[in-house]
Number of protein chains: 2
Amino acid sequence: MKDTALSERKLIILKAIIQNYLETGEPVGSRTLSKYTELNLSSATIRNEMADLEDLGYIFQPHTSAGRIPSDKGYRLYVDMLMEDKEEEITKRENAMLEKADKVEKVLQQAAKVLASNTNYATLVSAPVNSRNTLKFIQLSQVDSEQIVAVIVLGGNVIKNKIIEVGETLSNETLLKLNMLLNTTLNGMPIDQITLGLIARLKEQAGIHSEVVGHVLDAVAEIIHVEDDMKIYTSGATNIFKYPELSDKQSAQEIISAFEEKQQLEELVTETLASESGNGIQVYIGDETPVKTMKDCSVVTATYELGEGMKGTIGIIGPKRMDYEHVMKTLKTLQGELDAIYNKNPKE
Amino acid sequence: MKDTALSERKLIILKAIIQNYLETGEPVGSRTLSKYTELNLSSATIRNEMADLEDLGYIFQPHTSAGRIPSDKGYRLYVDMLMEDKEEEITKRENAMLEKADKVEKVLQQAAKVLASNTNYATLVSAPVNSRNTLKFIQLSQVDSEQIVAVIVLGGNVIKNKIIEVGETLSNETLLKLNMLLNTTLNGMPIDQITLGLIARLKEQAGIHSEVVGHVLDAVAEIIHVEDDMKIYTSGATNIFKYPELSDKQSAQEIISAFEEKQQLEELVTETLASESGNGIQVYIGDETPVKTMKDCSVVTATYELGEGMKGTIGIIGPKRMDYEHVMKTLKTLQGELDAIYNKNPKE
DNA sequence: GTTAGCACTCAAAACAAGGGAGTGCTAATA
DNA sequence: TATTAGCACTCCCTTGTTTTGAGTGCTAAC
């Protein structure tokens, strides 16, 4: 029995085992399979084949005298080769909700929700990260005698603001001048090109107000700091209660905590964005996930793009026996929708 | 046995039962209580008293031949009369973290976290609602040939912004003029005083740019819309797994969903803000809570204030057998801290 | 190579028995 | 009269035993 290639029949059996297990969640035995119309084999024959498949590590028994369950390796083979693309229509209705929402946050939160209700798994949507982004516009305004507010507009119309305490009261002209200075120098500039040298030069030009400029640039720096900025929207975390294998106290606690804290999800997102595959869809099975608390889950992620190389992630987290076909199809659709929404937006 | 007043001894026994149950979570029996030093009574006597207390509805047995458990009515009596204020020091260390955070959202998220780690219950912090708030400052800025951004600063330095599409390109002077117009009229104005008449007047004064002004005021309206604006920060939802009586699948699912969706928590917050009690601390036991999914929990909330009558809520949600004394004390402290933080902020 | 048959394994369900915590009641006691 | 000791009773929980049934591996026959 060579490890390199499985016989046709073994593949069919493996596929049958997995599909059956995806549906029922119960270990599947030889008798069940022999009743499977496609292959007219007795249970005994199937047993032999299953023994082989077990030796090769594609399936295993939870205990002696139980049926077989796919191993991570088995799932992997299935996802890579055995699975056929389901060409189903996913519910367009709900997606209509996406169109309506206007603010970015709302759209993404909606997206997570739609995804969750379409799949019955836990979902996550990360906002586009604005590294490689450009600074579009800065505006300083007096708010109080000793406070100014800096409004910073980034490419993609992401707007940020920060209150800055200034010791002195700035005159209107001064503010106007500073605004001019900042905008003529920085407008349209990719934020990774704002160097220390540039900052020094700006401060110099600001003269006695160099301190204010310093504060403003600090604010910019703070705003674009990726980690700090990564917003993650989630939905349907409680869906995991639908899958007994994940809903014992221990697991449920851990997984839901991950969704609550979001810290760990960030890792997942960065990992996904870093290692991109062909169509942008990635499947992590069990131990393959970057996040240890999800070692008993499968995670499927997709990347969507929003002009300018700004990228975000959508993903779903569920049991290993998840409906990969449906999930991948749904992700692909949503990915498309998001792309569309952002590209039809007033061009950048 | 009159219902109006319980004998001194019954009160002591009831208190003992409750305190014991808070600690252990197990039904408490007569023998356990008779060993209680304070009251030198035999288990038989105690049994008689317990039978009375049960008749009166303060305690009950989960099943025959089990110890007694406090009923909602029992808890209520305890909270109202029997409980003594614990004068413990709560950990000041963690509160230091509160000081550091600057942005409102960060502070509140932190607050929720601190609360959760101090109590081991699920917690919630609602951002101050800005009805009764004033508009401090408006700034329109050109961002693109056909887009302007409106930055709106509210009292308490809450900053909002919104992109507005304008059909035409506005000149610098026009913008300046509009800014002048808006600010001279609206600055410092309580937002509930921005009436239709005022809006009409403004539009008239804006002349050919009345449309833009309309958009801006729409944006203001949208921003101050209370429901839409209510942000709720939560933490420690998974703490409920620590309490077996709440962590069966059904309950856990429901409670955590409530925390994820936040919808239901909003109801809780509005209810709390509406019916305010003396020191602003409220205790909902079991069915008393406005949120049906929490009928097996107790909810304790407090209101904090931030100048100008802007109010927010902090609250904790846990099992009925929660440590009310500790919780109320902690809430009171945090309430104070928040008040302090916001009142030491540059005066409004 | 396939299959029928059989002995074997093991988890889960069903059942039985015992222990223990707790109660209510009654009768004795202070 | 209030308290307590004593006792019978209830019911949950734990433990151990048995039964059932699904499933396997192996061997021998086809």
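Within every chain, numbering begins at 1; the chains are lettered A, B, ... in the order of the sequence lines, protein sequences first and strands thereafter. Bear in mind the structure is a predicted one, so any value in this text is a computation, not a measurement.
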Residue of the set A/Ile17, A/Leu11, A/Leu22 for which side chain to side chain contact (heavy atoms under 4.5 Å, CB included) holds with A/Tyr78: A/Leu22
Pick out which of A/Thr270, A/Leu124, A/Thr313, A/Val291 makes a side chain to side chain contact (heavy atoms under 4.5 Å, CB included) with A/Leu265. A/Leu124
Starting from [atom2] on [N], measure out to [atom1] on [X] and report it in whole angstrom.
X: A/Glu26; N: C/dA11; atom1: CD; atom2: P; answer: 15 Å
X: A/His63; N: D/dG25; atom1: NE2; atom2: P; answer: 13 Å
X: B/Asp52; N: C/dG24; atom1: CG; atom2: C1'; answer: 13 Å
X: B/Ile13; N: C/dT23; atom1: CD1; atom2: C1'; answer: 15 Å
X: A/Arg47; N: D/dA22; atom1: CZ; atom2: C1'; answer: 11 Å
X: A/Ile17; N: D/dT24; atom1: CD1; atom2: C1'; answer: 13 Å
X: A/Asp55; N: D/dG25; atom1: CG; atom2: P; answer: 9 Å
X: B/Asn20; N: C/dG22; atom1: CG; atom2: C1'; answer: 14 Å

With DNA chain D as reference, determine whether B/Leu41 or B/Ser65 sits nearer its 5' end, using the nearest nucleotide of each.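 Of the two residues, B/Leu41 wins.
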How many angstroms lie between atom CD of B/Gln335 and atom CD1 of B/Ile314, to the nearest 0.5 angstrom? 6.0 Å
Could you tell me the separation between the CD1 atom of A/Ile69 and the NE2 atom of A/His63, rounded to the nearest 0.5 Å? 8.5 Å
Is there a donor and acceptor pair closer than 3.5 Å between the side chain of A/Arg68 and the base of D/dG25?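 It does not, because no donor-acceptor pair links the side chain of A/Arg68 to the base of D/dG25 below 3.5 Å.
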Could you work out which one of [options] sits closest to the side chain of [X]?
X: A/Gln61; options: D/dA5, C/dA4, D/dT24; value: D/dT24
X: B/Ala44; options: C/dA4, C/dG24, D/dA5; value: D/dA5
X: B/Asn48; options: C/dA4, D/dT3, D/dT4; value: D/dT4

Taking only N and O in the side chain of [X], is any of them less than 4.0 Å away from OP1 or OP2 of [N]?
X: A/Thr45; N: C/dT3; value: yes
X: A/Arg9; N: C/dT2; value: yes
X: A/Thr64; N: C/dA11; value: no
X: B/Arg31; N: D/dT4; value: no

Take A/Leu39 and A/Ile46 through the test side chain to side chain contact (heavy atoms under 4.5 Å, CB included) and record every step on the way to the result. CA-CA 10 Å; A/Leu39 27 97; A/Ile46 302 214; 3.8 Å; yes
